[in-house]
Amino acid sequence: ATITNAQSGDLAWRRSNSGLYSVFFGDVSGSHLDKFQVKASTTAGGLGNDLTAFSDVVTGLSPGDAYNTPWALPQAVFDSLLEGVTNYITVKVFNGLGNTTLLQDAFYVLKDTTAPSLVNAQSGDTTVRSLAGATYAVGAFDAGSALAAFQYSVSLFAVGYFLSPA
């Protein structure tokens, strides 16, 4: 069986198991494809502990000789991935005789399922200002994928007080 890797990595930080991966399989031996599996690790090259053992992705491929459809990780594999680090995915394909081909670190997945945190160290400021430039002790942090943006708004009214439209 052969593995064709058209997936170098997944640069999108994943909050859910929404990625589709372009690693494809073929067999020219006459015994057809049987299944393919994946496992995950945070150490490249298979040198560290696995986050999961090999898990079936698609089974029952026989009598097919090619699998060219992008596929998702099994949910249990995605659930085992660690946040804020590179998770390397290794792929193994089986033909009908049980022969296997392995592709170590076929691609990687970045996972971040924790929302950013907000730190408000500002005790309050009741000074009316006519010019910009005041500095406030408020910060937002994300240890995983980092922040894409930080937005804030200013109001003349305390939380819960709103102007009614005229």
Side-chain angles (χ1 to χ4, degrees), residues 1-121 136-153 159:
T2 61
I3 300 174
T4 302
N5 189 4
Q7 184 73 49
S8 60
D10 186 355
L11 297 174
W13 284 88
R14 297 284 170 190
R15 180 175 67 191
S16 64
N17 190 17
S18 59
L20 293 176
Y21 302 102
S22 296
V23 179
F24 307 122
F25 310 98
D27 183 74
V28 294
S29 71
S31 64
H32 308 297
L33 293 173
D34 180 36
K35 66 181 179 179
F36 66 95
Q37 301 177 325
V38 294
K39 71 175 183 172
S41 176
T42 58
T43 307
L47 301 175
N49 293 331
D50 293 335
L51 298 172
T52 59
F54 276 107
S55 301
D56 290 341
V57 178
V58 176
T59 61
L61 294 172
S62 185
D65 289 326
Y67 189 86
N68 296 313
T69 303
W71 46 271
L73 292 173
Q75 188 63 47
V77 173
F78 182 81
D79 291 345
S80 76
L81 301 181
L82 298 182
E83 289 190 63
V85 299
T86 303
N87 295 280
Y88 298 94
I89 307 299
T90 294
V91 179
K92 181 166 52 171
V93 62
F94 294 75
N95 71 10
L97 295 176
N99 297 318
T100 63
T101 301
L102 179 86
L103 180 58
Q104 187 75 44
D105 304 338
F107 59 93
Y108 60 86
V109 177
L110 304 171
K111 180 179 177 181
D112 183 2
T113 57
T114 302
S117 61
L118 183 65
V119 177
N120 182 2
Y136 296 95
V138 177
F141 305 94
D142 189 325
S145 58
L147 293 173
F150 177 64
Q151 296 178 329
Y152 64 94
S153 65
V159 174

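For the pair Leu73 and Leu81, the minimum side-chain heavy-atom distance is below 4.5 Å. Between Phe24 and Pro70, some side-chain heavy-atom pair lies under the 4.5 Å cut-off.
Using a distance-only test at 3.5 Å, with no hydrogens or angles considered, no donor-acceptor pair links the side chain of Asp34 to the main chain of Phe94. Of the possible polar contacts, none joining the Thr2 side chain to the Phe25 backbone as a donor-acceptor pair under 3.5 Å is found. Between the side chain of Glu83 and the backbone N or O of Thr113, at least one donor-acceptor pair lies under 3.5 Å. No donor-acceptor distance shorter than 3.5 angstrom exists from the side chain of Lys111 to the backbone of Ser80, with no hydrogens or angles considered.
Atom-to-atom distance recorded for Ser41:OG and Asn49:CG is 7.5 Å, nearest 0.5 angstrom. Atom NE2 of residue His32 and atom CG of residue Leu97 lie 10.0 Å apart, to the nearest 0.5 angstrom. With rounding to the nearest 0.5 Å, the separation of OG in Ser62 from CG in Asn95 is 9.5 Å. Separating the OH atom in Tyr21 from the CZ atom in Phe107 is a distance of 6.0 Å, to the nearest 0.5 Å.
The list of side chain to side chain donor-acceptor pair (under 3.5 Å) pairs with a residue in residues 99-110, not counting sequence neighbours, reads Thr90-Gln104.
When all heavy atoms are compared, the tightest approach of Phe78 to Arg14 is CE1-CB, 3.8 Å. Contact between Asp27 and Ala1 at its shortest, heavy atoms only, is OD1-N, 3.6 Å. Of all non-hydrogen atoms in Asn5 and Ala106, the two that sit nearest each other are ND2-O, 2.7 Å. Residues Ala72 and Leu20 approach most closely at N-CD2, 3.9 Å, considering heavy atoms. Nearest approach of Trp71 to Val38, heavy atoms of both residues: CH2-CG1, 3.6 Å.
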Validation: residues 51-61 side-chain donor-acceptor distances under 3.5 Å, sequence neighbours left out:
residue, atom, partner, partner atom, Å
Thr52, OG1, Ala40, N, 3.4
Ser55, OG, Ala53, O, 3.3
Asp56, OD1, Gln37, NE2, 2.8

